[in-house]
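Here's the structure we're looking at; comments come further down.
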Amino acid sequence: MELKDKLISSFLAFEEGLDPDSNLDSLRNEAIKDFENLGFPNKKDENWKYTSLNSVLKHDYSVFPKKEDAIEYRDIKKYLIHDIDTYDLVFIDGIFSSHLSQTTHDNIDVCLMSSALNKDKYRPVIDNYYNKIAPKSGLNSLNTAFAREGAYIHIHKNKLTDKPIQIINFATGNESSLLLQPRNLVVVDENSHVQIIERHQSLTDHPVLTNSVTEIFADRRAIVDYYKIQNDNSAASLIDNTYIEQKDESNVSVHTFSFGGKLTRNNLNFYQKGERIDSTMKGVTIIEDKQHVDHNTLVHHIQPNCESHQDYKGIFGDSSTGVFNGKVVVEKEAQKINAYQSNNNILADDKATINSKPQLEIFADDVKCSHGCTIGQLDEEALFYLQSRGIPRKEARGLMMYAFANNVLESVKIPEVKKRINKLIASKLEVDLGFNL
Amino acid sequence: MLKIKNLHASIEGKEILKGINLEINPGEVHAIMGPNGSGKSTLSSVIAGREEYEMTDGEIIFEGEDLNDMDPEVRAHKGVFLSFQYPVEIPGVSVTNFIKTAINANRKAHGKEDMPANEMLKVIREKSEMLEIDRKFLSRSLNEGFSGGEKKRNEIFQMAMLEPKLSILDETDSGLDIDALKIVANGVNKLRTENNAVMLITHYQRLLNYIVPDFVHVLVDGKIVKSGGKELAHELEERGYDWVKEGAV
């Protein structure tokens with residue numbers, strides 16, 4: 001049976017296991033119908049022209065993990081940013097692991113989506129924000145139909161979170177192949193600030209497909225810094241669907257570090273619903289073998305006097321493939337906006353491929369929009385310069401690629417995250433660093 | 001130290017060097033002068049091992065070894081240093097980290113451990129003070145946004161750090177004002193010992209007032225047409241290159 005049909009027929013059994021009074025009942029029913037109509041995206045869809053899901057959809061994924069696997073902290077410590085104090089939301093095969101997590105309800109809510117969905121206390125927030133900006137699409141609808149767990153983060157008005165929040169989804173080898181559908185909601189009220197680190201990590205060689213949906217709401221003058229670390233093994237694939245709505249003078253940045261995984265697709269969408277908003281998207285992609293990473297971004301400038309910054313860098317080795325599709329829409333009312341987009345790529349091998357496509361749709365007449373895209377090899381003159389100082393060619397190449405990728409890190413605000421990414425970049429490029437740049 | 005015999009080299013099939021003979025011994029300073037396009041920079045590039053240039057005939061023997069088949073980094077490990085006429089900008093790598101990487105790569109090639117961090121800092125401080133280099137400068141990205149003078153001073157700083165046997169200074173005086181020129185020349189002079197040698201490539205005599213050469217060679221159309229002592233440089237300054245060119249025919 002095809003995965004789509006299997007999922008649709010599994011839905012009935014899934015629903016039976018849920019609380020029948022759940023206020024998401026009708027939402028789920030509607031979503032599964034939408035999924036039935038829309039299905040998985042295919043290459044005929046302009047947005048999926050360069051990314052085929054065929055190879056990841058062929059597996060017979062288990063939709064309901066049977067039990068939580070016992071994982072000890074020492075087994076997963078290395079996947080966490082553990083040298084600083086953080087709130088942690090750890091999920092194993094889609095199920096919350098209380099002994100590995102640290103939640104809070106002290107001025108802020110950092111807890112489980114499952115409890116937020118079922119407790120009346122959270123009802124107003126869920127009613128206001130849940131599934132409000134994720135548009136109808138096959139993947140979003142599939143997630144909405146099945147999602148029951150994930151991170152629920154609500155930062156109340158005028159609160160500054162005292163430490164970053166980590167959301168980590170582990171997949172274990174309990175099922176031969178596993179489909180995970182985490183659902184995260186982040187609501188940041190006026191004048192509040194939060195830093196979030198998200199990671200998906202498979203601990204098994206069995207195929208894992210994660211179809212994640214995250215909705216983020218940044219109210220007036222809120223600041224959100226979101227870091228996505230994607231360094232999964234070669235049997236794991238990730239489709240990350242993230243939607244961000246911003247109000248006046250809010251500032252949201254999303255950094256996406258894509259260093260591994262079989263197939264990674266990042267759908268990152270910003271909707272600017274206010275003035276003087278700042279939206280930042282940065283990404284570093286370093287992949288090899290036959291890996292595939294696709295960044296599909298959208299910034300929707302709806303109101304005047306806003307800014308958006310996009311800076312994506314990629315290094316593609318072996319026969320890996322990359323896609324950057326950056327769409328900027330500037331509505332007629334959105335005058336005096338400044339939209340900047342840059343995508344620079346190095347093809348380190350002859351067989352590597354990158355498809356880079358900026359898409360600008362500008363309906364306002366008094367705006368600054370710039371975009372630039374480069375695809376190239378390393379500069380031979382610079383390599384000779386380094387070699388002439390005694391640095392062997394291989395290291396010289398590594399050093400130059402490291403420097404190329406590393407300047408995206410300047411805007412990372414958590415030093416430990418910066419350090420970690422620094423090290424990941426160095427190890428991906430096989431650069432032996434006797435220093436930190 | 002360096003013996004160049006009948007060196008012919010070409011780029012993209014065009015012959016630039018047409019039979020160079022040159023011998024440099026430890027402790028000596030040689031100036032290579034000549035008009036634009038005579039092959040001065042090609043000569044320095046060929047010795048340092050730039051790949052685009054093809055050696056079609058002759059040999060370059062350095063410390064008894066043929067450099068011809070050695071990669072540029074191996075030549076550097078043997079003690080060849082080229083101060084670039086146009087140093088390359090490398091965004092994202094600071095001067096300090098670059099020099100640390102280079103020093104340790106050279107030590108590794110000689111089977112030595114990395115230089116301890118405190119020693120590295122000490123040497124960097126000493127050498128940068130000698131060249132009157134601001135410490136802030138050391139944390140900037142290599143050559144990025146540097147003025148012409150800063151780039152050249154940075155080249156000599158690298159030379160001071162790497163302590164090569166043979167330093168080839170390619171048009172190090174271009175882009176320098178007189179104060180910077182004095183600092184750079186002073187640095188080069190301080191680094192001179194009886195065991196190392198300097199090859200100065202220059203268009204003008206000006207630099208040679210500060211770094212006094214033992215020998216001056218005039219390169220015209222890919223050949224050394226005249227060699228002499230430091231007084232030859234003065235003569236060239238006064239009479240231009242035309243009179244030596246005529247002699248070359």
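Labels below follow one simple rule: chain letters A, B, ... track the order of the sequence lines, proteins then strands, and each chain is numbered from 1.
- The number of heavy-atom neighbours closer than 6.0 Å to NZ of A:K418, taken from other residues, nucleotides and ligands shown, is above 12.
- Between atom OH of residue A:Y385 and atom CD of residue B:E89 there is a gap of 10.0 Å, rounded to the nearest 0.5 Å.
- Separating the CD atom in B:E73 from the CG atom in A:L383 is a distance of 10.0 Å, to the nearest 0.5 Å.
- When the shell of 6.0 Å around NZ of A:K290 is examined, it contains 12 or fewer heavy atoms from other residues, nucleotides or ligands.
- Heavy atoms from other residues, nucleotides or ligands lying under 6.0 Å from OH of B:Y86 number 12 at most.
- The CD atom of A:E380 sits 7.0 Å away from the CD atom of B:E52 when rounded to the nearest 0.5 Å.
- Between B:F84 and A:F384, the gap from one ring centroid to the other is short of 6.0 Å.
- For a residue to count as touching a neighbouring chain, one of its non-hydrogen atoms must lie under 4.5 Å from one of that chain's; by this rule B:A109 does not touch chain A.
- Taking 4.5 Å as the limit, some side-chain heavy atom of B:I90 sits within range of a side-chain heavy atom of A:L386.
- Residue B:R50 touches chain A through both its backbone and its side chain, counting heavy-atom pairs closer than 4.5 Å.
- Only the side chain of B:L142 comes within contact range of chain A, with at least one heavy atom under 4.5 Å from a heavy atom of that chain.
- In A:D350, the CG atom is not crowded: 12 or fewer heavy atoms of neighbouring residues, nucleotides or ligands sit closer than 6.0 Å.
- Residue B:E113 places its CD atom among 12 or fewer non-hydrogen atoms of other residues, nucleotides or ligands, all under 6.0 Å distant.
- Within 6.0 Å of CD in B:E51 there are 12 or fewer heavy atoms belonging to other residues, nucleotides or ligands.
- Taking A:P392, A:A405, A:G390, A:A382 one by one and counting their heavy-atom pairs under 4.5 Å with chain B, the maximum is reached by A:G390.
- For A:S388 against B:A76, the heavy-atom pair with the smallest separation is O-CB, 3.4 Å.
- Between chain A and the residues B:P72, B:P164, B:P87, B:A117, the largest count of heavy-atom pairs under 4.5 Å involves B:P72.
- Contact annotation for B:N143: only side-chain heavy atoms (C-beta onward) come within less than 4.5 Å of a heavy atom of chain A.
- Interface residue B:V80: only backbone heavy atoms are found under 4.5 Å from chain A.
- Interface summary for chain A: among B:V74, B:N104, B:I103, B:N106, the most heavy-atom pairs under 4.5 angstrom belong to B:N106.
- Annotation: B:R135, atom CZ; neighbour count of heavy atoms from other residues, nucleotides and ligands within 6.0 Å does not exceed 12.
- Atom NE2 of A:H82 sits in a crowded spot, with more than 12 heavy atoms from other residues, nucleotides or ligands closer than 6.0 Å.
- We find the CZ-OG1 distance between A:R389 and B:T101 to be 13.5 Å, quoted to the nearest 0.5 Å.
- For the pair B:A102 and A:I391, the tightest heavy-atom approach, listed with the atom from each and the gap, is CA-CG1, 3.8 Å.
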